[in-house]
**Student:** 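Could you have a look at this structure, given as structure tokens, before my questions?
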Amino acid sequence: MKYGNSGLQGVQLTGVGKAVPEFCLTNDQFAQVIDTSDEWIYTRTGIKERRVLALDETVLDLALRASQQALAQAGLVPEDLEMVILATSTPEDLFGTASLLATRLGATRAFAFDLTAACTGFVFALATAAQFIRTGSCGRALVVAADGLTRFMDWRDRSTCVLFGDGAGAVVLEQSPVDQILGMELRSDGRNAGMLNIAASGPEVEIREDLTIRQNAYQPISMNGREVYRFAVTAVPDVIEKALHRADIDPHTVRHYFLHQANQRILDAVAERLGVPRECFPSTLAHYANTSAASIPITMEEWITQGLLQPSELMVLAGFGAGLTWGAVVCRWGRVA
Ligand code: COA
């Protein structure tokens, strides 16, 4: 089936889901183990508590639950899916976790792959899936974003460990007679990759007298918070303005800006730079902290479940993070009537 003069398909977003671990770690509980306080964390970031994976729980478990909820909302069964993209920086297996996710889900017709773009992973994965649908090579896709960054923390480094939590979100994309994705702008710049990373490194191991190799493992997350903050408050408004310009939409006509949830002060600063009221920037930071790629679909799910985002309403989805990577998508929520 082909739609429109160009022969290309449109895309619609028809289901959303989220999953977070049950265990909740509050700022006050943190203050009992490291030199910090609820007052410092909350005033600097807007975070009150975060969810942490239990010992016997995995990122894959969260991804599966979020995917099942998104499919149920879309009214689809797993066999309807033709593609699954898992945006994650913390896969259960470095070779990829998406195919295992698709199999556990029962998405027997889908091909699946991981995509890594740190906290911008959801936006990049959504944009990628949309292109497959637009060209007609795929009719129904599932975009899942899941991260377990608490497993990659130095829990003695108070400037990073208080900022992150674990979680997953998922969105179903389908062919549509009307394209609900109206504009996008994606960016990356490796010059400042060192500002925020989980580096691979390790000791030299002598295999033979004439052969020494390096045996890598991942180091805890390392971040220059001030520089990342400066990057976010300039790069994010810029990319949002460009995506809106492509869609020929005035920033003031959008009531929902779903930004990556890293810091309340970043959300407020982006709102100010765009000249848009702060209330247009949904925040779930207080309860979940920074869940990396998962934060945008988690926040979308909460707004949709509470009836705060209605079908066909305009929204901007914008991510930013390590790489450095950043990007924005302008779209409408829901199935085309
Ligand atoms: N509790 C108490 N004190 C803390 C602390 C904590 N958890 N973490 C750092 N501090 C201290 C620092 O040691 C420093 O003390 P000093 O002045 O005696 O050296 C002081 O607080 C100020 O530190 P600073 O780093 O300047 O704070 P800040 O106002 O820049 O806030 C961040 C730090 C991390 C909250 C802020 O830079 C930020 O949010 N950056 C963006 C990070 C981000 O979003 N990353 C993810 C992007 S995807």
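Because the structure is predicted, anything quoted here is derived from the model rather than measured. All ligand and atom numbering here is 1-based and tracks the order in the structure.
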**Student:** Could you tell me how the ring of Trp326 sits relative to the ring of Phe231: parallel (under 30°), tilted (30 to 60°) or perpendicular (over 60°)?
**Tutor:**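 Aromatic pair Trp326/Phe231 classed perpendicular.
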
**Student:** Considering Met195, Arg44, Arg226, which one's heavy-atom position lies nearest to atom 29 (O) of ligand 1?
**Tutor:**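 Looking at heavy atoms only, the winner is Arg44.
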
**Student:** At a 4.0 Å threshold, what atoms of ligand 1 neighbour a non-hydrogen atom of His260?
**Tutor:** 48 (S)

**Student:** Where the closest heavy atom to atom 7 (N) of ligand 1 is concerned, which of Met223, Arg158, Gln261 has it?
**Tutor:**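 Nearest option to atom 7 (N) of ligand 1, by heavy atoms: Arg158.
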
**Student:** At less than 4.0 angstrom from any non-hydrogen atom of Asn290, what atoms of ligand 1 do you find?
**Tutor:** 46 (C), 48 (S)

**Student:** Looking at ligand 1, would Phe320 count as a contact under a 4.0 Å heavy-atom criterion?
**Tutor:** yes

**Student:** Is atom 16 (P) of ligand 1 close to the protein, meaning a heavy atom under 4.0 Å from it?
**Tutor:** no

**Student:** Identify the closest protein heavy atom to atom 38 (C) of ligand 1: which residue and atom is it, and at what distance?
**Tutor:** Asn263 ND2, 3.7 Å

**Student:** For Tyr257 and Phe281, take the angle between the two ring planes, folded into 0 to 90°, and tell me which bin it lands in: parallel under 30, tilted 30 to 60, perpendicular over 60.
**Tutor:** parallel

**Student:** Within the side chain of Thr116, is there an N or O that forms a donor-acceptor pair under 3.5 Å with the backbone of Thr88?
**Tutor:** yes

**Student:** With side chain to side chain contact (heavy atoms under 4.5 Å, CB included) as the test, would you mind laying out the steps for Val20 and Ile298 before giving the verdict?
**Tutor:** CA-CA 9 Å; Val20 292; Ile298 285 176; 4.1 Å; yes

**Student:** What protein heavy atom is closest to atom 35 (C) of ligand 1, reported as residue, atom name and distance in Å?
**Tutor:**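 Scanning the protein heavy atoms, the shortest distance from atom 35 (C) of ligand 1 goes to Thr45 CG2, 3.8 Å.
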
**Student:** Measure from atom 47 (C) of ligand 1 to every heavy atom in Val228, Asp157, Thr36 and give the option owning the shortest one.
**Tutor:**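 Looking at heavy atoms only, the winner is Val228.
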
**Student:** Nearest to atom 40 (N) of ligand 1 by heavy atom, Ala262, Ala322, Gly225: which?
**Tutor:** Gly225

**Student:** Within the 4.0 Å heavy-atom shell around Arg265, which atoms of ligand 1 are there?
**Tutor:**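 Result: 29 (O), 31 (O).
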
**Student:** Check residues 327-334 and write down every donor-acceptor pair under 3.5 Å in which the side-chain atom is one partner and the other belongs to a residue at least two apart or another chain.
**Tutor:**
{"unit_1": "Arg332", "atom_1": "NH1", "unit_2": "Ser312", "atom_2": "O", "d": "3.0"}

**Student:** Between Gln175 and Gln12, does any side-chain donor sit less than 3.5 Å from a side-chain acceptor?
**Tutor:**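 Distance-only check fails for Gln175 and Gln12.
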
**Student:** Could you tell me if Asn263 and Arg44 have a donor-acceptor pair between their side chains, going purely by distance under 3.5 Å?
**Tutor:**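 Side-chain D/A pair, Arg44 to Asn263: absent.
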
**Student:** Is it the case that Thr305 and Glu302 place a side-chain donor and acceptor less than 3.5 Å from each other?
**Tutor:** no

**Student:** Using a distance-only test with no angle check, is there a side-chain donor-acceptor pair under 3.5 angstrom linking Asp268 and Gln264?
**Tutor:** yes

**Student:** Measuring from atom 21 (O) of ligand 1, which candidate in Tyr229, Phe30, Trp40 has the nearest non-hydrogen atom?
**Tutor:** Trp40

**Student:** Please check atom 5 (C) of ligand 1 for a protein heavy-atom neighbour under 4.0 Å.
**Tutor:**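 So atom 5 (C) of ligand 1 has protein heavy-atom neighbours under 4.0 Å.
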
